[in-house]
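Lettering of chains follows the sequences in order, A, B, ..., and the numbering in each one begins at 1.
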Number of protein chains: 2
Amino acid sequence: MTDSTDVKPTTKARTKTPTSSGAQNILSAAEELFAQQGYSSISINAIAKQAGVSKANVFHHFDTKETLYIAVLQNASIEMGHLIAELDSGNGSASQQIGRYARQHLQNLFDKARVTQLILRELQQGDKDESVQLVHNTLNKNFTSIVNIIKKFQDQGEFRQDIEAAMIATVLIGCNLFYFQTSAVLDQFPELAFAKDPDNYCNQLTDILLRGIENKSTD
Amino acid sequence: MTDSTDVKPTTKARTKTPTSSGAQNILSAAEELFAQQGYSSISINAIAKQAGVSKANVFHHFDTKETLYIAVLQNASIEMGHLIAELDSGNGSASQQIGRYARQHLQNLFDKARVTQLILRELQQGDKDESVQLVHNTLNKNFTSIVNIIKKFQDQGEFRQDIEAAMIATVLIGCNLFYFQTSAVLDQFPELAFAKDPDNYCNQLTDILLRGIENKSTD
DNA sequence: GTCTATACAGGGATAGAC
DNA sequence: GTCTATCCCTGTATAGAC
């Protein structure tokens with residue numbers, strides 16, 4: 001998309017920043033629809049209708065569809081960043097901290113389901129440069145946040161050191177994301193006690209994980 | 001990756017079944033493109049070009065774009081089913097069996113990357129009835145396959161029984177899928193030893209998992 | 001800032017020759 | 001079975017009135 005329009009708003013420095021409430025409506029509508037259906041399935045028309053404005057108005061606030069999409073992604077990334085930043089607080093025993101982290105993390109995924117879906121989408125198909133970067137940053141924040149906690153307990157000798165901290169983080173984050181991703185499908189298996197019960201899932205997960213990584217020198 | 005297995009051209013079953021080689025080319029091209037870009041981003045034109053035929057020819061073999069997509073999904077589901085069916089064989093100790101299962105499962109995901117991507121896509125957004133069913137079936141096969149193994153060892157007293165077998169299966173499958181999904185992004189973190197090394201990842205995962213679920217009554 | 005109207009390209013799908 | 005040519009619709013994006 002290098003060859004775009006040569007008509008640029010030369011008058012003002014703010015190149016259509018979403019400050020006005022109209023733009024915010026559009027942004028919010030776009031976030032919802034993109035998260036549900038993906039980029040290419042969603043037309044500007046659909047977004048305009050959802051936002052309660054005209055199609056042309058969307059293009060007034062955002063130069064192109066892709067610009068709008070990137071704006072949505074950036075919003076999502078920032079929002080996710082804030083959530084992650086709030087995660088690593090707290091104290092208590094190793095198992096308490098890890099357990100709390102896992103629960104809160106999973107809770108956040110569901111609370112911000114749309115944002116999570118957007119990130120997952122990009123994770124699956126990062127073709128645009130910006131999106132790759134955003135996903136990378138988000139995952140990075142997530143990783144370092146939990147990795148630091150784990151390393152602390154590794155240094156204290158409470159967790160095994162023959163497993164990479166990043167590996168443990170991957171298991172935790174990966175399982176939570178997988179649970180989020182499959183929750184709709186898991187609902188169809190009535191025999192699974194944890195299918196409709198995130199807390200149950202999280203408890204069992206941390207139970208396995210903690211026992212798997214605690215430093216028991218019983219051989 | 002030319003998987004062009006010769007198929008005999010049956011003269012019957014004219015209901016546009018993908019028996020002819022032309023249809024197979026289209027199906028294969030569609031699989032590749034749909035897996036990479038998703039349903040709505042890919043035009044029939046693109047598929048036709050990739051398959052080396054005309055656009056009209058695609059519609060000769062498949063009534064609609066959606067028909068073609070469903071056919072691709074069904075192929076994928078069948079292929080995945082075959083892979084899963086081959087997984088649960090083998091014997092040895094509990095850790096050997098679980099470890100082998102995990103390794104083979106992850107290997108399959110990468111070997112059939114396109115198929116895996118298609119399933120993941122549908123997992124994320126099952127709106128069409130058929131696709132929901134296919135994903136459901138595939139996951140179901142996967143689950144029961146590994147759940148049975150785990151239950152066996154639970155009955156033998158080697159694994160804890162206070163954790164659902166399905167939960168353990170979820171962790172295993174979920175982690176593998178997450179690793180597959182993020183492998184492109186993980187590559188960008190050079191400090192992760194397992195990022196470019198699926199075997200390493202798998203070994204650490206099963207290490208954690210096995211220690212987390214084995215029935216140690218050392219309290 | 002918001003609209004109606006419009007330009008233009010590309011999408012899915014069909015008709016009919018070969 | 002395969003093609004070219006075509007239809008109609010919807011998509012993105014622009015122009016210009018208010």
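- Environment of NZ in B/Lys141: crowded, with over 12 heavy atoms of neighbouring residues, nucleotides or ligands closer than 6.0 Å.
- Atom-to-atom, CD1 of A/Ile47 to C1' of D/dT12 comes out at 11 Å; the value is rounded to the nearest Å.
- Under 4.0 angstrom from either OP1 or OP2 of D/dT2 there lies at least one side-chain N or O belonging to B/His61.
- Counted within 6.0 Å of NZ on A/Lys49, heavy atoms from surrounding residues, nucleotides or ligands total 12 or fewer; the atom is thus considered open.
- Distance B/Asn45 CG to D/dC3 C1': 14 Å, rounded to the nearest Å.
- Contacts of A/Ser54 with the nucleic acid, taken as non-hydrogen atoms under 4.0 Å apart, include base atoms.
- Nucleic acid contact for A/Ile42: sugar-phosphate only, since backbone atoms but no base atoms lie under 4.0 Å from a heavy atom of the residue.
- The listed nucleotides are D/dA5, C/dG1, D/dA15; the one nearest the side chain of A/Ala56 is D/dA15.
- Rounded to a whole Å, the NZ atom of B/Lys49 is 16 Å from the C1' atom of D/dC3.
- Minimum atom distance to the side chain of A/Lys55 is reached by D/dA13, of the listed C/dC3, D/dG1, D/dA13.
- Of the candidate nucleotides D/dG1, C/dA13, D/dT12, C/dA13 has the atom lying nearest to any side-chain atom of B/Lys65.
- If you take CD1 of A/Ile26 and P of D/dA13, they are 14 Å apart, rounded to a whole angstrom.
- In this structure, B/His60 places its NE2 atom 5 Å from C1' of D/dG1, rounding to the nearest Å.
- The side-chain heavy atoms of A/Leu118 and A/Ser77, taken from C-beta on, include no pair separated by under 4.5 Å.
- Atom pair A/Leu33:CG and D/dG11:P shows a separation of 13 Å (rounding to whole Å applied).
- Separating the CG atom of B/Leu68 from the P atom of C/dG11 is a distance of 15 Å, rounded to the nearest angstrom.
- Between B/Tyr179 and B/Phe110, the ring-plane angle classifies as perpendicular under the 30° and 60° cut-offs.
- Here D/dC8 presents its C1' atom at 13 Å from CZ of B/Phe59, a figure rounded to the nearest Å.
- Both B/Val53 and A/Ser43 lie close to DNA chain D; mapped to their nearest nucleotides by heavy-atom distance, the more 5′-ward contact belongs to B/Val53.
- When the nucleotides C/dG12, C/dG1, C/dT4 are ranked by their closest atom to the side chain of A/Asn57, C/dG1 comes out on top.
- More than 12 heavy-atom neighbours from other residues, nucleotides or ligands sit within 6.0 angstrom of NZ on A/Lys152.
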